[in-house]
Protein chains: 2
Amino acid sequence: MSDTCTLSRLDALLGRLKAQGLRLTPQRVAIVRELVTRCDHPTVEQLHKAILTAFPTTSLATVYKTIHLLKEQGEVLELGFGELGSRYDGRRPEPHPHLICTRCGAISDPPAACAELNELAERLAGQSGFSISAHRFDLFGLCPSCRAPR
Amino acid sequence: MSDTCTLSRLDALLGRLKAQGLRLTPQRVAIVRELVTRCDHPTVEQLHKAILTAFPTTSLATVYKTIHLLKEQGEVLELGFGELGSRYDGRRPEPHPHLICTRCGAISDPPAACAELNELAERLAGQSGFSISAHRFDLFGLCPSCRAPR
DNA sequence: ATTAGTGCAAAACGTTTGCAACATT
DNA sequence: AATGTTGCAAACGTTTTGCACTAAT
C-alpha cells in the first residue's frame with residue numbers, strides 16, 4: 001500500500017511544508033500520510049477515524065484545517081460532487097480523470113494516464129477565451145464488481 | 001434570451017411532466033421556465049429570487065423540490081463543485097463541458113460542441129471495466145473579462 | 001519565549017423533511 | 001372529492017469559526 005514513490009512524495013511534501021515555516025505536528029503528519037498513502041479517495045470522516053487510532057484526541061476541525069491548508073498549496077485534490085461529504089486525493093494533485101461508482105460509491109483512478117485531457121482542455125479554452133488553470137473529468141457509472149450479477 | 005429552440009424545449013418538458021400526472025402549478029412552471037431559459041447556470045437562491053418577482057410567496061423549499069424532481073427526470077444538470085451552492089443547467093441536460101471562472105464565478109458553455117468527450121469517456125471506461133452512464137468535464141480558469149487588465 | 005496549531009463548542013451554510021393548509025385535476 | 005403541491009419551520013449533515021490551551025520551534 002505504501003510504495004516507494006508514495007513515500008518519497010510524502011517526504012517531499014512534508015519538507016515543503018516545513019520550509020514554509022509550518023509546524024509538523026504529529027496530527028498533521030498523520031493526516032498528510034493518510035492522505036498521500038490511501039488510494040480510496042477518503043472523506044474527512046474516514047480520515048479522522050483513521051487518525052484517531054494513533055492520536056485519539058484529534059478533532060475533526062484539525063482534519064478540516066489541515067486539508068484546507070493542503071488544498072491551498074495545491075497538494076490535494078478535492079472531489080466534491082452534488083452530494084455531501086467531499087472526498088480527497090492526495091496522491092496525484094494534478095488533474096486526472098476519476099471513475100465514480102454510483103452504486104457503491106467507490107472512486108478509482110483510471111489504469112492509464114490520459115494525455116488527451118490536457119489537449120482537449122486547452123483547445124476548449126482557446127475557443128472560448130478562457131485561460132485554464134485546472135480541470136476535472138469525472139466519469140459516473142458502475143464499477144466492475146457492482147456490474148457483476150450476484 | 002428566449003430563442004425558438006429554448007421555448008420548444010420548455011413546451012416539450014412541460015408536456016412530459018403533465019403526461020406523468022404531475023401538476024403544472026404556476027410556481028412550477030415559473031421555475032422550469034427560468035431553468036430552461038437562463039444560460040448563466042443559476043443557483044437555487046438566484047432562481048428563487050427570480051421567481052419571487054412573479055410569485056412573491058414562493059418558498060425556497062418549493063424551488064428545491066422542483067429541482068429535485070427535474071434532476072430525477074434527467075431534465076436538469078446539477079453542477080456542484082467543492083464549494084457550497086450547486087448551480088443548475090436546464091438547457092442542455094446531456095453531459096457537456098463547462099467553463100468556470102474562478103474569479104467572478106461565471107459558468108459558461110463552450111462555443112462548440114465536443115464529440116471527443118464521449119469517446120474519451122468510453123475508452124477510459126473500457127480500460128477500467130466500468131460501464132459509464134454519465135460524465136462531467138469542468139474547466140477552471142479566468143474568463144475573458146477577468147483576464148483583461150483593467 | 002514565541003507563535004503556530006489544537007480541540008472544543010457553537011455557529012454557519014445549503015439542503016431536506018414533516019406537516020397542515022391549499023389548489024389543481 | 002381526491003390527492004398532489006405549497007409554504008413554513010424545524011431538523012439535518014458538513015464545514016467553518018472563535019477562543020483559551022497546548023506544544024513545536
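Each chain gets a letter, A, B and so on, in the order its sequence line appears, and its residues count up from 1. These numbers were taken from a predicted model, which means no experiment stands behind them.
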Discussion item. Between A:Thr66 and C:dG5, is there a contact of a side-chain N or O with OP1 or OP2 at under 4.0 Å?
Written reply: no
Discussion item. Could you tell me how far apart A:Ile67 (CD1) and D:dT15 (P) are, to the nearest whole angstrom?
Written reply: 8 Å
Practice prompt. Apply salt bridge (Lys or Arg N to Asp or Glu O under 4.0 Å) to the pair B:Arg16 and B:Glu75, showing each step before the final yes or no.
Written response: CA-CA 10 Å; B:Arg16 255 170 271 149; B:Glu75 298 284 6; 2.3 Å; yes
Item to complete: Only one of B:Thr25, B:Val63, B:Val44 passes side chain to side chain contact (heavy atoms under 4.5 Å, CB included) with B:Ile31; say which it is.
Response: B:Val63
Worksheet entry | Side-chain H-bond candidate by donor/acceptor type, A:Gln20 with A:Gln73, under 3.5 Å | yes
Fill in: Donor-acceptor pair, side chain of B:Arg136 and main chain of A:Leu139, under 3.5 angstrom
no
Worksheet item: When the distance from CG of A:Leu17 to C1' of C:dG5 is rounded to whole Å, what number comes out?
Response: 13 Å
Practice prompt. Kindly determine whether A:Arg87 and A:Glu78 satisfy salt bridge (Lys or Arg N to Asp or Glu O under 4.0 Å), including the steps that lead there.
Written response: CA-CA 6 Å; A:Arg87 299 178 61 169; A:Glu78 181 175 38; over 6 Å; no
Discussion item. For nucleotides 18-25 of chain C, give me one character per nucleotide, 5' to 3': B if any protein heavy atom sits under 4.0 Å from the base, S if the only such contacts are to the sugar-phosphate, - if neither.
Written reply: B----BBS
Worksheet item: According to the side-chain hydrogen bond (donor to acceptor under 3.5 Å, both in side chains) rule, which pairs have a member within residues 49-65 of chain B, sequence neighbours left out?
Response: B:Ser59-B:Thr62
Practice prompt. Could you tell me the separation between the CZ atom of B:Arg28 and the C1' atom of D:dT3, rounded to a whole number of Å?
Written response: 13 Å
Worksheet item: Rounded to whole angstrom units, what separation is found between the CG atom of B:Leu60 and the P atom of D:dA11?
Response: 18 Å
Fill in: Separation of D:dG13 P from A:Gln46 CD (nearest whole Å)
17 Å
Item to complete: Please state how far atom CG in B:Leu69 lies from atom C1' in D:dT6, giving the value in whole angstrom units.
Response: 14 Å
Worksheet, complete the sentence: Numerically ordered, the residues 48-58 of chain B set in heavy-atom contact under 4.0 Å with DNA chain D is B:Thr57, B:Thr58
Worksheet item: Rounding to a whole Å, what distance do you find between B:Gln20:CD and D:dT5:P?
Response: 11 Å
Worksheet item: Is a donor on one side and an acceptor on the other found under 3.5 Å between the side chain of A:Ser8 and the backbone of A:Cys5?
Response: yes
Worksheet item: Please give, in whole Å, the distance from C:dG14 P to B:Leu47 CG?
Response: 14 Å
Discussion item. With a 4.0 Å cutoff (strictly under), does any side-chain N or O of B:Tyr64 reach OP1 or OP2 of C:dT16?
Written reply: no
